[in-house]
There are 2 protein chains.
Amino acid sequence: MQNNEKIALANCERKLRDAQATKRKLINSALLAFSTQGYDASSTRGIETVAGVKRGLINYHFGSKKALWKAAAEHLMSTTERDLGSALADMKQIDEEQQLRFFIRSYVKFCARHPELNRLMIQEGMAHDWRLTWLLERSVRPWYEQVCRAFSRAAELGTAPKMDAHHFYYVLTGAATLIFSNAAEAAALSGKDPLGPETVDAHADVVADLLTSIRKPL
Amino acid sequence: MQNNEKIALANCERKLRDAQATKRKLINSALLAFSTQGYDASSTRGIETVAGVKRGLINYHFGSKKALWKAAAEHLMSTTERDLGSALADMKQIDEEQQLRFFIRSYVKFCARHPELNRLMIQEGMAHDWRLTWLLERSVRPWYEQVCRAFSRAAELGTAPKMDAHHFYYVLTGAATLIFSNAAEAAALSGKDPLGPETVDAHADVVADLLTSIRKPL
DNA sequence: TATATTACTTGTCGATTGGCAAGTTAAATG
DNA sequence: CATTTAACTTGCCAATCGACAAGTAATATA
């Protein structure tokens, strides 16, 4: 009896796990398509093919293309909050004068690990439809205010250059991410892999040097 | 006779001008669609509707969607070269130590006047297909080398911050353009028009201050 | 063992896509 | 005035789109 129950439970879990695996594969494939091609240019059939699953499973598991986009965006944003959140927790352990520099370097390295985040923001930031509204309320506005607060604290300490916080946000975001968002172009221009560890580290240093008014320690 | 000839010539020119007007309207509409929605998400029927012309005229005047893209991109790139070229000619008239600052401010203000340029580059810079190849050979590579040369000259004068030219290119381009490319998002976050003259001028100052190591004159 | 549920599969629908071809219209030409 | 040409118009085509519905197969439950 107990044995049968365990087997039944294991089967149930395996079945659930397989369904979760299908959803996970679809979300990863959707994220790739939506961030690089945009929402309208991404076909559900193409997303299913890249995910390696049968046609129709998007509508079965998510109900619609719109719901798939929301699930994929939610997955990306929660991943972002988890990864960047732990970096920001580490930040508070270090010397206050170095915090802005640490923040910027962490942000640049995160953007290199997840270029799909900024690609999606670029795709959806140009026109104001339901997807930009969703992104703004779900994560962009909180993140924007967090960056502005970090900048204001650094400005009080004198570790940030003098400028308006709004311009700082777009200078930081643009300077930090374009080389990764446009990796294909950057690779063709330089001959090097923009997402390789050396380039990422060098870029993080450049952006941090520019956007902090004190020099990095030896 | 001479009068008739003049009338005939005028009629001929009017006919030709109307055809040119149709092509111009289609190119402007195509540029808007391709830069904000991307190539695949832009429909030829939609482009014709926005242009206010009848269905079928894209294939009549350009032959195919691909040829329309090339014509629109060529128009944008020649406009860019003309506008930025005159700014760069003005640059050589001023004090050499102020040239990098003037260059950056001119570039930022141009990007605000023509956000479709950087939007198109972002759309096409993510994946390496025939459109990125076309853009690279037609204009990106020459412009990239021009920026790198301007940076190197400024570095010799000591007016540029110390960094690799490739990183300078992407820091400048990203910092200068994201606030305009993502104007819908930036407007929602700040409540102000990112393309308005005050915001553009403030942004040009911020980027120029950051990317030149000497202060602006009184 | 019979039934129900979950996960997946497949056929089909109406709408939209880019492109072609056979038109029409009007001005230019001889 | 007859003919040609340039500019535009429209009907149609195969392919693809998102979505739905009617399946199948395997597992869970009673």
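Numbered from 1 within each chain, the chains take letters A, B, ... in sequence-line order.
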Would you list the protein and nucleotides 8-12 of chain D atom pairs, both N or O, that sit under 3.5 Å from each other?
unit_1	atom_1	unit_2	atom_2	d
D:dC8	OP1	B:Thr22	OG1	3.0
D:dC8	OP2	B:His61	NE2	2.7
D:dT10	OP2	B:Lys54	NZ	3.3
D:dG11	N7	B:Arg55	NH2	2.9
D:dG11	O6	B:Arg55	NH2	2.2
D:dC12	N4	B:Arg55	NH1	3.4
D:dC12	N4	B:Arg55	NH2	3.4

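- For A:Glu48 and D:dC17, the CD to C1' distance is 12 Å, given to the nearest whole Å.
- Following rounding to the nearest Å, B:Asn59 (CG) and C:dT17 (P) show an atom-to-atom distance of 14 Å.
- The CH2 atom of A:Trp69 sits 16 Å away from the P atom of D:dG18 (whole-angstrom rounding).
- Annotation: cation-pi pair B:Lys66/B:Trp130 present, NZ/CZ under 6.0 Å from the ring centroid and within 45° of its normal.
- Residues from residues 33-42 of chain A lying near DNA chain D, meaning a heavy-atom separation below 4.0 Å, are A:Ser42 in numerical order.
- Here B:Glu74 pairs with B:Arg138 under the side-chain hydrogen bond (donor to acceptor under 3.5 Å, both in side chains) rule; sequence neighbours left out.
- Atom CG of B:Leu211 and atom CG of B:Leu172 lie 6.0 Å apart (nearest 0.5 Å).
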Stepwise salt bridge (Lys or Arg N to Asp or Glu O under 4.0 Å) test for B:Arg101 and B:Asp205:
CA-CA 9 Å; B:Arg101 173 172 202 89; B:Asp205 263 340; 3.3 Å; yes
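- For A:Tyr107, the ring pair (Phe, Tyr, Trp, His ring centres under 6.0 Å) test picks out A:Trp143, with sequence neighbours left out.
- Rounded to an integer number of Å, the gap from NZ of A:Lys65 to P of D:dG18 is 4 Å.
- Residues satisfying the ring pair (Phe, Tyr, Trp, His ring centres under 6.0 Å) test with B:His114, not counting sequence neighbours, are B:Phe110.
- A:Phe62 is linked by a ring pair (Phe, Tyr, Trp, His ring centres under 6.0 Å) to nothing, counting only residues two or more places apart in sequence or in another chain.
- At distances below 3.5 Å, at least one donor-acceptor pair connects side-chain atoms of A:Tyr170 with backbone N or O atoms of B:Ala186.
- The CD1 atom of A:Ile58 sits 12 Å away from the C1' atom of D:dA19 (whole-angstrom rounding).
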